[in-house]
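Everything on this sheet refers to the single structure shown next.
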Amino acid sequence: MFEITKIQLDHQRNPIGVNTLPKLSWALECDQRDVVQTNYQLQISKQAEFEEILYDSYYVKSSQSMNIELPEVSCEDFTKYYMRVRVKSNKLEETKWATTYFVTGYVQTKCSASMITIEDTLKLENAETYYVRKEFDSNKEIESVYCVATAFGLYKLHLNGEQVGDYKLTPGWTSYTNNLMYQVYDVTSMMIEGKNTIGAMVGAGWYKGSFGFDRRSNMYGDQAGFLCEVHIKYTDGSSQVIASDDSWKGHLSPIVMANIYDGETYDARKEIAGWSLAGLDTKNWVDLTTISYDQQILRPQICEPVQVIDQIEPTELFMTPEKDQVIDFGQNMSGLVELKVKGKKDDVIELNFFEVLDKDGNVYLDNLRGAKQTITYIFAKDEEIVYLPTFTFQGFRYARIKEFPGEAKVENFLALVISSGMERTGYIETSNEEVNQLVHNILWGLNGNFVDVPTDCPQRDERMGWTGDAQVFARTACYLKNCYSFYKKYLVDLAYDQTEEGGVPHVVPDVLSGHGEDNFLISQGTDSAAGWADAAVIIPWTLYQVYGDDDILSTQYDSMKAWIDFMRKHSEDYIWSYKLQFGDWVALDAEEGSYFGATPNPLMCAAYSAYSTQLFINSAKVLGNQKDVIFYTDYLSKIVDKYHREFFDEKGQLKVQTQTAHIISLYFDLVPVGSKELVAEGLIKLLEKENGHLVTGFLGTPYFCSALSQNGKVKEAYDLFLKNDFPSWLYQVKMGATTIWEHWDGIKPDGSMWSPDMNSFNHYAYGAIGEWIQRTMVGIEVDDLNPGYSHYYIQPLVDSRFSFVKGSLMTQFGEIKSKWELDDGKVTLSIRVPVNTSCTILLKQANEIVESDVNQTFIKGEDGLSICVGCGDYKVTFSLK
Ligand code: BGC
């Protein structure tokens, strides 16, 4: 067996609407060892059967299977191109053809549609929404029809009475003034001969709906608008374009209130039957006007849009002690509830969504702050309705049934989980059920917060793209799902929203800067905090390590450099400082009532600047920018030198006695030569002082276990990881969490809550421990010199409290697997290495090899026993030291 199992284009499945040719990668699978690709052949055609071939590479002698640039084929607009690949191996086998496709958008032409709005004609309340529609004729035999759509706000597209596509919250959230994504849909099969009708519902969304700390409206503009172009190709070679313009008509829609935080009210009495069908009487519809916009901001969708990724039936419907009827979905999530309910005219359904029950088992809404998270439906007549909200989403596990026609039953409700539609790539399972639940919670933290933008939380009136949270979780996220395109989109906006000086906003898209002074964060500074702004460098570097595509480094290079230079500019004697710093946010060593951890800002700033500068130098090396390598290497040595002088005493001990100072000094390699052991010991002492517990916040926690296990303290790392009393990762699990909490004591041991001001139960930041689980427990580790797992390490560190730990990771080459089982002091490691890759098995804890089906002998080195193997399945049993 030798076959191509997966093809990706620009790290996605089948991109639609591209205006440049995507890069191609394929994964191979075989049942033999040491197989590598020797040749590949690539063809491009407009037909699925490849009758006419536009390009044939013939067999190319190459082992490359990742991020292959396509030849210059001149492409037409809005056309589907098929590509197929086959491969030969060093064992003289040949795969079958594997076929994929992409669809072009504006390659030759530009969009000429107008952004249309109802808001000049009708005065809309901020949360009101409207319909737009246009009839058009199409009388010839159709070859293909593609529809381009976007909005200032949110839109739901219809053609001939049916919804187009199943994406949610389109066009997503970007730095709209610079970057507005459009989606392209294949609507060929939805067309009818004769009169067709294209229409949309338009809502305020992030663009102009009330949002942010002070619930400001009109962040990006004060009129919601819609833009659309239908591209029809006929079989006779002719074509037609229907574009949004002021000949379209508009009407208020039955969604009388829609807001990201507050929910939606649907008044079915205001529904217009057949609103997107031809032949409707539109005498009550009003004229639309156009909003001027800059053509340059229009970009094709570059990542997987938000969509329904799962469905969850309620586990229970119950009455609380305070006599509220509550539905429990058993899982905290971002989603929408589909209602299937019978009612009579004017009957009302009202649901309030929330995350947790309070101490007494009653509805707890306080941590939602101002977010109402309420869905209301008003019946137009006696009927059974199926209703799903459109321009909102909720962060919830529970819903309170405030009003309902008749008796509510579980069958009336179905939760649809929404998230950006990335492919799941990583799986972990261990012999410890609490750890398995933690892994589940980390994944659901990702699901709930990767809603087009990596947000801090999905429930309260915040839900913003906090850079610090995004940065600490990036590596973990890339183990769980294919996050390349998701973060690529985020980084485009990050670069757009950087300040002129290169400062990086606390949130991307930046909805804080320039929006008033009265909030604490807004008045103190809305950009450039250590560990937050470093997202500009850490995320591109992480993507390069994991996906091996240096495009991300070249695209982000200026943005990365601007951030490094910002820190340089604001430095005095190599330590930078600037307005508001979050430091080790929400650490438990903070003073009573404060969110700011005890580790001083100068140390945090200097440590992060050293780390980011190192990653920037690495990036400059990859791109061959020698001048920058030399300059910034010299600069880095000065930061490090200052760090040593400022924060260490003559014995090599840290002057700052916090866990986080020790963790980041160790993890960022900022400890003076020869003092690592001392600093690691110092960290253990600080742990002992806390009875073995962490007291770290957002910046110290992610690397705590790594700082220990990388410095010979493997048992201590596991001790910390396996704690399950407060504060610890597993404490939340024990308290019934199904996602990751913002605070170690979100719910205290006595059932009371942390302050409702800031108490999210779906906040992925502390889930960054997922990175340690994958890299250290499972032991799958990248090799920076051969990124994207073309060569990698399997180097698990085992602990006797587990009888097995296993994990897998779908890379662009194929699936990596690693499993260790511990029995009677002996470890059996079983691994799978994908075709076209090689793997170094490094056994740091091995005494000797007991049994092995690897043909070569393990080499004894400083780090332990090691061997480099090619593709295949292997099993090694070794005794522990
Ligand atoms: C957010 C965090 C964020 C922090 C920065 C909070 O309100 O929820 O996750 O990183 O502010 O201070």
Side-chain angles (χ1 to χ4, degrees), residues 211-215 260-261 332 334 355 366-371 395 442 445-446 448-451 453-474 476-477 490 494 497 503-513 515 519-536 538-539 578-588 590-591 593-599 601 604-605 608 660 696-702 732 739-746 753-768:
F211 193 77
F213 290 119
D214 298 336
R215 298 299 304 264
I260 299 283
Y261 298 144
N332 203 7
S334 279
E355 289 187 293
D366 295 358
N367 70 325
L368 306 175
R369 302 195 306 219
I442 296 171
L446 183 159
N449 283 295
F450 279 41
V451 179
V453 161
T455 57
D456 54 339
C457 56
Q459 73 298 85
R460 68 180 178 224
D461 50 0
E462 195 155 346
R463 313 186 191 188
M464 294 179 205
W466 284 94
T467 46
D469 310 40
Q471 171 278 108
V472 295
F473 190 67
T476 300
Y490 181 65
L494 183 147
D497 284 351
V504 179
H506 299 329
V507 298
V508 171
D510 185 6
V511 283
L512 299 181
S513 307
H515 292 289
N519 176 278
F520 172 73
L521 282 169
I522 296 171
S523 60
Q524 299 290 305
T526 53
D527 66 276
S528 306
W532 269 252
D534 296 281
I538 295 172
I539 300 179
Y578 190 71
K579 298 186 184 170
L580 177 67
Q581 294 297 318
F582 301 121
D584 192 21
W585 185 245
V586 295
L588 290 169
E591 275 172 28
S594 165
Y595 295 126
F596 302 91
T599 310
N601 287 336
M604 295 306 271
C605 288
Y608 260 95
T660 291
T696 49
F698 271 33
L699 299 187
T701 305
Q732 320 184 348
T739 38
I740 300 290
W741 298 351
E742 179 174 22
H743 292 276
W744 295 117
D745 50 352
M753 307 270 182
W754 168 273
S755 144
D757 280 6
M758 230 183 53
N759 197 13
S760 150
F761 293 95
N762 197 354
H763 226 82
Y764 57 59
Y766 288 147

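Positions are given from 1, in the same order as the sequence printed here. In listed order, ligands and their atoms are each counted from 1.
Listed for the Asp497 side chain is no donor-acceptor partner under 3.5 Å among the backbone atoms of Val508. Between the His743 side chain and the Met758 main chain, a donor and an acceptor come within less than 3.5 Å of each other.
Scanning all protein heavy atoms for the shortest distance to atom 10 (O) of ligand 1 gives Asp469 OD1, 2.6 Å. Of the protein's non-hydrogen atoms, Glu462 OE2, 2.6 Å is the one closest to atom 7 (O) of ligand 1. Residue, atom and distance of the protein heavy atom nearest to atom 5 (C) of ligand 1 are Trp466 CZ3, 3.5 Å. Trp585 NE1, 3.4 Å is the protein heavy atom nearest to atom 4 (C) of ligand 1.
Of all the atoms in ligand 1, the ones that sit under 4.0 Å from a non-hydrogen atom of Asp456 are 1 (C), 8 (O), 9 (O). Interface atoms of ligand 1 facing Phe698, defined by a heavy-atom separation under 4.0 Å, are 9 (O), 10 (O).
Among residues two or more places apart in sequence or in another chain, the salt bridge (charged side-chain N to carboxylate O under 4.0 Å, His left out) test is passed with Arg460 by Asp456, Glu462, Glu742. For Asp745, the salt bridge (charged side-chain N to carboxylate O under 4.0 Å, His left out) test picks out no residue, with sequence neighbours left out.
The shell of residues lying under 4.0 angstrom from ligand 1, judged by heavy atoms, includes Glu742. Contact between Trp532 and ligand 1 is present, with at least one heavy atom of the residue lying under 4.0 Å from the ligand.
Using a 4.5 Å heavy-atom threshold, the side chains of Tyr766 and Trp741 count as separate.
A side-chain donor-acceptor contact under 3.5 Å links Thr660 and Asp584. Counting only N and O atoms by type, the side chains of Glu355 and Asn367 include a donor and acceptor under 3.5 Å apart.
Between Arg460 and ligand 1, an N or O atom pair is found at a separation short of 3.5 Å.
Contact annotation: for His763 versus ligand 1, heavy atoms closer than 4.0 Å belong to the side chain alone.
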